[in-house]
Amino acid sequence: MGVFDIIGPVMVGPSSSHTAGAVRIGYIARKLLGEPVRRAQIDLHGSFLATGRGHGTDRALVAGLLKMQPDDTRIPISLYLAEQAGMEVVFGQVDLRDANPNTARLRLEGESGARLEVVGSSIGGGRIRIGQVDGMEAHFSGESPTLIIRNQDKPGCVTEVALLLSEFHLNIATMQLYRDRPGGLAVMVLECDEEIPLGAREWLSQMDGIEKVTYLGLKEGR
Amino acid sequence: MGFSALEEMGRRAKEQEKPLWQVVWEEDCAFSQMEPAASLEKMKAMYRAMKEADASYQEELVSASGLVGGDGGRMARYVESGACLCGPFVGRMMERALKMAENNACMKRIVAAPTAGSCGVLPAVLLTCQEMLPAEEERILEALYVAAGVGEVIASRSSISGARGGCQAEIGASSAMAAAAVVTLKGGSPEAVFHGAAMALKNLLGLVCDPVAGLVEVPCVKRNVVGAVNALSAADMALAGIRSAIPPDQVIDAMRDVGDRMSVELRETGKGGLADTPAGRAVREQLEKQSRGGSQEDVG
Ligand code: SF4
């Protein structure tokens, strides 16, 4: 914990977990989608559902989907701004097994028709954890550049990805692997020290057996 | 990582013959790999954000539950009338604590210090000191580093989360931080700084976290007032030469012990204390009806 974890962050109230963390979940989901959201189905779980409205969790999640940060004073009017931007938002409730009490599931459709489903939890102090992407397990904080690769579970796939990244001189900080069943679908989550250039991502998405490459960059942009 | 004991912070200051704020600043820059000048700039931005938040108060705003709003304005007029028993200094401070905490409840921009629920204590004390002592802005920034250093020690030895340690960990911690800041501003010794913080914390030991309907509104807003007033009285005691009989680090450890023994109903779950009164339960039921009403069923 540093000095600015004690004094700070600057945020829109009332709650770091229910408001600031919720903005972050929406923001990370929007970055993962990679384009403006046209339609969002937002399902709240646990304490997000029980006290979410009072804490502005609904508006916070939508604010994040509009690319606002936790200190954006427009958070309270985000539902109106979403409407202005032509974003359709539907709220629901969900009971997720074993999920942190402050969790939301976001099902998004982007401008070009791209689809993405993200489950994210607020873990306190405004920090978050993404727990699922497109129905598959994936755990990351969104604090470093993150690559999520969905591929067929075949021998050699992981090695090829690692090789390609090393050709681009990219350093992997953490790597996780998940699969639904042997030989089925698998997900690789790579957290890197630096941004992963578009070129590398395009190479990856054309590789054999890779179905989808989702990228979370920290820089502004899509 | 910051300091994990006040004693250690004091020893470092003594050995290096530096003021407390400087050792906290240097330690943090080393730990977070931040340029010292950038750190100072950031602290300045935090203080500016506190000032802006104070000025942005809108009396007409009402919180989500409808229970909070307007009290900052009420207190301002009362203090203005000259009737305030606590005098203009403490009166202005109470007014600011209410305003900031109401800002938070009404979704305005605030600075968590250390949490959003306790965001009113430190700015109420420091903005009032700057106005009434008066104090230069540079000294205030130094006091903020000392406050943050004390907060770091509390976070590392105990907790600054109501869900873990009850309200003593939020309002109690912010009050201890504010006491340390005031003693620093008034030129107190490191010993006086730590004892001021310890006395502020001691006097709020055992404070439970019992927010009505789980919202950061009741009793949070008014507790910011007690956090500020308590900080000022603890600082005055420390400056008068009064010391805590229990050493400051041990007081923080006691806070942790009390938090560990506190039942979960009294730690932010909104299930005990004020939240579990008939009036508190009625608010919860009302809000639950509203939030379930507008949404569709979907169990996945
Ligand atoms: S009662 Fe609980 S939520 Fe309210 S300020 Fe205290 S610790 Fe925070």
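B/Glu152 has its side chain within reach of A/Val3: a pair of non-hydrogen atoms, C-beta onward, lies under 4.5 Å apart.
Taking A/Leu81 as the reference, A/Leu66, A/Met68, A/Arg74, A/Ile77 meet the side-chain contact (heavy atoms from CB on, under 4.5 Å) condition, with sequence neighbours excluded. Legend: residues meeting side-chain contact (heavy atoms from CB on, under 4.5 Å) with B/Lys42, ordered by chain and number and at least two apart, are A/Phe4, B/Met34, B/Met46.
Environment of NZ in B/Lys271: sparse, with no more than 12 heavy atoms of neighbouring residues, nucleotides or ligands closer than 6.0 Å. Atom CD of B/Glu137 has more than 12 heavy atoms from other residues, nucleotides or ligands within 6.0 Å. Taking a 6.0 Å sphere around CZ of A/Arg39, one finds it holds more than 12 heavy atoms contributed by other residues, nucleotides or ligands. The environment of OH in A/Tyr80 is sparse: at most 12 heavy-atom neighbours from other residues, nucleotides or ligands sit within 6.0 Å. Atom CD of B/Glu60 has more than 12 neighbouring heavy atoms from other residues, nucleotides or ligands inside a 6.0 Å radius.
Proximity to chain A (any heavy atom under 4.5 Å) is restricted, for B/Leu122, to the side chain, taken from C-beta onward. When heavy atoms are compared at a cutoff of 4.5 Å, B/Ala105 approaches chain A solely by way of its backbone atoms N, CA, C and O. If you measure heavy-atom distances from B/Tyr145 to chain A, the contacts under 4.5 Å come from the side chain alone. Neither the backbone nor the side chain of B/Ser161 comes within contact range of chain A; no heavy atoms are under 4.5 Å apart. Only the side chain of B/Ala49 comes within contact range of chain A, with at least one heavy atom under 4.5 Å from a heavy atom of that chain.
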For this session: Test side-chain contact (heavy atoms from CB on, under 4.5 Å) on B/Met50 and A/Ile7 and set out the steps.
Result: CA-CA 10 Å; B/Met50 287 177 182; A/Ile7 297 186; 4.0 Å; yes
Exercise. Can you list the steps and then say if A/Met1 with B/Ile160 is a side-chain contact (heavy atoms from CB on, under 4.5 Å)?
Worked result: CA-CA 11 Å; A/Met1 232 184 229; B/Ile160 50 164; 4.1 Å; yes
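Proximity to chain B at a heavy-atom threshold of 4.5 Å picks out nothing from residues 134-146 of chain A. Within residues 8-20 of chain A, the residues approaching chain B closer than 4.5 Å by heavy atoms are, in numerical order, A/Gly8, A/Pro9, A/Val10, A/Met11, A/Val12, A/Gly13, A/Pro14, A/Ser15, A/Ser16, A/Thr19.
When the candidates B/Pro114, B/Ala112, B/Gly149 are compared by the number of heavy-atom contacts under 4.5 Å with chain A, B/Ala112 comes out ahead. Here A/Thr73 is the residue among A/Thr73, A/Asp72, A/Leu44 with the most heavy-atom pairs under 4.5 Å with chain B.
Here the OG-CD distance, from A/Ser47 to B/Glu268, works out to 8.5 Å after rounding to the nearest 0.5 Å. The NE2 atom of A/His55 sits 10.5 Å away from atom OG of B/Ser63, with the distance rounded to the nearest 0.5 Å. To the nearest 0.5 angstrom, B/Ser174 atom OG is 11.5 Å from A/Ile6 atom CD1.
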